[in-house]
Amino acid sequence: MVDSSRNIDVEQLISYSDDLVRVLKDKRDLSNISQCLEHSKALRSSCDADFLEAQSLLQDYQKKIDECKKRSEEAKAEVVADSEIDLLQKELDEEIEKEHFFMDELRIITNEINDLELQRVSVQERRQILKKLEQDELRAQRMLSLYASVTNIIPNLDDESRFSGHIVDRDKKVVERFEFDLTKIDCLDACNAIWKMISSS
């Protein structure tokens, strides 16, 4: 009969082991996320520089527009020739057109900065998920180590339809293999059979 003080939920152990296998399948996610974050930082820095440059150019053109307006008003006040007024108006129109162009550029840069901010948030969230998965992996490894230390059983988790593994006696340096088809035997009978094997070893 199975000792209840040492009774372990095999299905729960298998579930933890399956989670561990899924976590261990691909280690490249953390590297990809780190590269994406570095790329995002570089792109954000570039966009910030473009944004500041565009702002500076806008200020310069605003000063030129103000100067053109002032000159235009002075010219009208002094009743200058029509040709000079036309020239000033043309300069003013050109400066206004340039201002519109830089406003469009500024809008594009602002949208890129907003997109980068969203990417940064997404990368941080993924890093937190990966950190949690690493913690879960470490916890699962500790559980498997504890399970093997307490029961002297090293399970094989490759085939979910079969409950198999090895019983290890460190003192006697003996390894005994076991395997049960879960479609032909229930978990309790499998557990009892394993405990008998451990007791007899």
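Hydrophobic cluster membership for Val121: none, as no Ile, Leu, Val, Met, Phe, Trp or Tyr side chain comes under 4.5 Å of it.
Leu133 is listed as a side-chain neighbour of Leu130, based on a closest heavy-atom distance under 4.5 Å. Taking 4.5 Å as the limit, some side-chain heavy atom of Leu88 sits within range of a side-chain heavy atom of Glu91.
The environment of CZ in Arg177 is crowded: more than 12 heavy-atom neighbours from other residues, nucleotides or ligands sit within 6.0 Å.
For the side chain to side chain contact (heavy atoms under 4.5 Å, CB included) with Asp93, the qualifying choice from Gln89, Lys90, Glu97 is Gln89, the only one to do so. Among the candidates Arg126, Arg127, Glu125, the single residue satisfying the side chain to side chain contact (heavy atoms under 4.5 Å, CB included) test with Val123 is Arg127.
Evaluation of the side chain to side chain donor-acceptor pair (under 3.5 Å) rule for Glu117 yields Arg44, Arg120 as partners, not counting sequence neighbours. For Phe178, the ring pair (Phe, Tyr, Trp, His ring centres under 6.0 Å) partners at least two apart in sequence or on another chain are Phe163. Among residues two or more places apart in sequence or in another chain, the side chain to side chain donor-acceptor pair (under 3.5 Å) test is passed with Lys184 by none. The side chain to side chain donor-acceptor pair (under 3.5 Å) search around Asp104 returns Arg107, not counting sequence neighbours. Residues passing the ring pair (Phe, Tyr, Trp, His ring centres under 6.0 Å) test with Phe180: none are found, sequence neighbours excluded. Under the salt bridge (Lys or Arg N to Asp or Glu O under 4.0 Å) criterion, Glu94 pairs with no residue at all, not counting sequence neighbours. In this structure Asp189 satisfies the side chain to side chain contact (heavy atoms under 4.5 Å, CB included) test together with Ile185, Asp186, sequence neighbours excluded. When the side chain to side chain donor-acceptor pair (under 3.5 Å) test is applied to Asn114, no partner is found at least two apart in sequence or on another chain.
Judged as a ring-ring contact (aromatic ring centres under 6.0 Å, His included), not a single pair has a partner in residues 103-141 (not counting sequence neighbours). Evaluation of the side chain to side chain donor-acceptor pair (under 3.5 Å) test over residues 53-63, restricted to residues two or more places apart or in two chains, returns Gln62-Asp66. Applying the ring-ring contact (aromatic ring centres under 6.0 Å, His included) test to every pair with at least one member in residues 115-134, sequence neighbours left out, gives no pairs at all.
In this structure, Leu57 CG and Lys98 NZ are separated by 10.5 Å, a value rounded to the nearest 0.5 Å. For the atom pair Ile96 CD1 and Lys64 NZ, the distance stands at 14.5 Å (nearest 0.5 Å). Atom CD1 in Ile109 sits 11.5 Å away from atom CG in Leu116 (nearest 0.5 Å). We find the CD1-CD distance between Ile129 and Gln124 to be 12.5 Å, quoted to the nearest 0.5 Å. Residue Met103 holds its CE atom at 6.0 Å from CG of Leu106, rounded to the nearest 0.5 Å. Remark: Leu87 CG to Leu92 CG distance equals 11.5 Å, nearest 0.5 Å.
One finds no salt bridge joining Lys132 and Glu134 here, because no Lys/Arg side-chain nitrogen approaches an Asp/Glu carboxylate oxygen to under 4.0 Å.
Side-chain atoms of Ser122 never come within 3.5 Å of backbone atoms of Leu118 as a donor-acceptor pair (strictly under, hydrogens ignored).
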